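A quick write-up on the structure given underneath.
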Number of protein chains: 2
Amino acid sequence: MARPTPQTHGDILAAAARRFAATGYRGTSLQDIASEVGCSKAAVLYHFANKEAILTELMAPAITVLQSLDDRIAAQPDPASAQQVAAEGFVDLAVRFRREIALLRGEFPELLQQPVFAHIHEISERLIDAMAGRSERASARICALVLLAGIAETCGQFAEVSDEELRDALLALLRRALEPVH
Amino acid sequence: MARPTPQTHGDILAAAARRFAATGYRGTSLQDIASEVGCSKAAVLYHFANKEAILTELMAPAITVLQSLDDRIAAQPDPASAQQVAAEGFVDLAVRFRREIALLRGEFPELLQQPVFAHIHEISERLIDAMAGRSERASARICALVLLAGIAETCGQFAEVSDEELRDALLALLRRALEPVH
DNA sequence: TCAGAGGCTGACCGATCGGTCAGATCGGTG
DNA sequence: CACCGATCTGACCGATCGGTCAGCCTCTGA
């Protein structure tokens, strides 16, 4: 079946996205994905080297954007502008890639071990640092981490909210909640 | 070994808490726990009916307190006081049980299926409702969910911060960030 | 017509999981 | 001494996981 169409690659990717979002990465087996596509597990592994490669391809666009945000933050001359760029950039990324981020929901700790996310840990530390206004105060860092984790953890759950409305709500929240620089 | 001491039960519980915190519930095998205790996997299953029973016993105190918070919120006469009770009660709970909550980090979605957490979903919905000031506005609900999830996800990571300092920081954050009632 | 490449399958593999079970080892009791 | 119940062990079980492999089918182009 589906002999003329070599679109299976894309079908697998889409099916994997749905399953990962529903039951998580670890909670989804290659057989689950294969069943959803309607092919064999071996077919899935014909199109992708291994399970991780599926996740890598799904997350690649979001990772790229996150890395460019990291660069932009690093280029800011002072803590105040870094905080603003970090906040706006992160909200933008969270809204744009909320579907992808939702895939990771509840699996951050272990999933960060995967090569795809090799630098995520350092990047998120710099993000928190920037959002905390480069402050060393515990309250500022707690505040930044709670908001960042909260947004990452939940942004995928507002499927019925439009991009604009979600972005506005999150930006307003960050503006209220983040401690001002100095 | 350890023939005279029937404290193995407690040892297993403590070892499980450490392992769950380090690698998550699913990421910890019964053999991992047994190795940390220094006994066989069968010994672990002699003291606990199954893996889930270990988690249940670890989480029981926190669950009890959460349920009583739920009752207290339901007893509030108006949205404003419900919001305040929810915010203060949740922060208190998060700080007191940050160790237990940390065990669940990154495993919420699937772990909530377990019988121990049978009513957690409804309770957390009522918590969010109260923290959103009983409002139906998307921005209020987004705000409440982001903060609640963020606190739950991160409170276990501030081991070096004292209870008082953490509670003050989180309460201040909630007061700034939650949308006021009406 | 036929070789070959791309796409795919079913059978299989080793590892690991949670959990079971028969039995060994002990301290205490009669 | 014999017996008992609590504690614990090693061997084992079935299920499931990610991944491999030999080979089949179909389409294509020389």
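Every value quoted in this text rests on a predicted model; they were computed, and no experiment measured them. Chain letters run A, B, ... following the sequence lines, proteins first and then strands; every chain starts at 1.
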Checklist entry - Would you say B:Thr8 reaches D:dC8's phosphate, i.e. side-chain N/O to OP1/OP2 under 4.0 Å? => result yes
Checklist entry - Counting only side-chain N and O atoms of A:His47, is one of them less than 4.0 Å from OP1 or OP2 of C:dG6? => result no
Item to check | Non-neighbouring partners of B:Ala132 that pass side-chain contact (heavy atoms from CB on, under 4.5 Å), sequence neighbours left out | outcome: B:Ala140, B:Arg141, B:Ala144
Checklist outcome for this item: Applying side-chain contact (heavy atoms from CB on, under 4.5 Å) to A:Ser40 and not counting sequence neighbours gives A:Ala42, A:Ala43
Item to check | Intermediate values then yes/no, salt bridge (charged side-chain N to carboxylate O under 4.0 Å, His left out), B:Arg98 and B:Asp163 | outcome: CA-CA 10 Å; B:Arg98 49 177 144 161; B:Asp163 280 12; 2.6 Å; yes
Checklist entry - What nucleotide, of C:dG7, D:dC8, C:dT9, holds the atom closest to the side chain of A:Tyr46? => result C:dG7
Item to check | Option passing side chain to side chain contact (heavy atoms under 4.5 Å, CB included) with A:Phe48 (candidates A:Ile12, A:Leu30, A:Ile33) | outcome: A:Ile12
Checklist entry - Quick one: B:His9 NE2 to D:dA6 C1', roughly how many Å, whole number? => result 15 Å
Checklist entry - When every nucleotide of nucleotides 15-22 of chain C is labelled 5' to 3' by its protein contacts under 4.0 Å (heavy atoms), B for base, S for sugar-phosphate only, - for none, what sequence of letters results? => result --SBBBB-
Checklist entry - Between the side chains of B:His9 and B:Glu57, is a donor N or O closer than 3.5 angstrom to an acceptor N or O? => result yes
Next on the checklist: Both conditions, 6.0 Å and 45 degrees, for the charged tip of A:Lys41 above the ring of A:Tyr46: are they met here?
Outcome noted: no
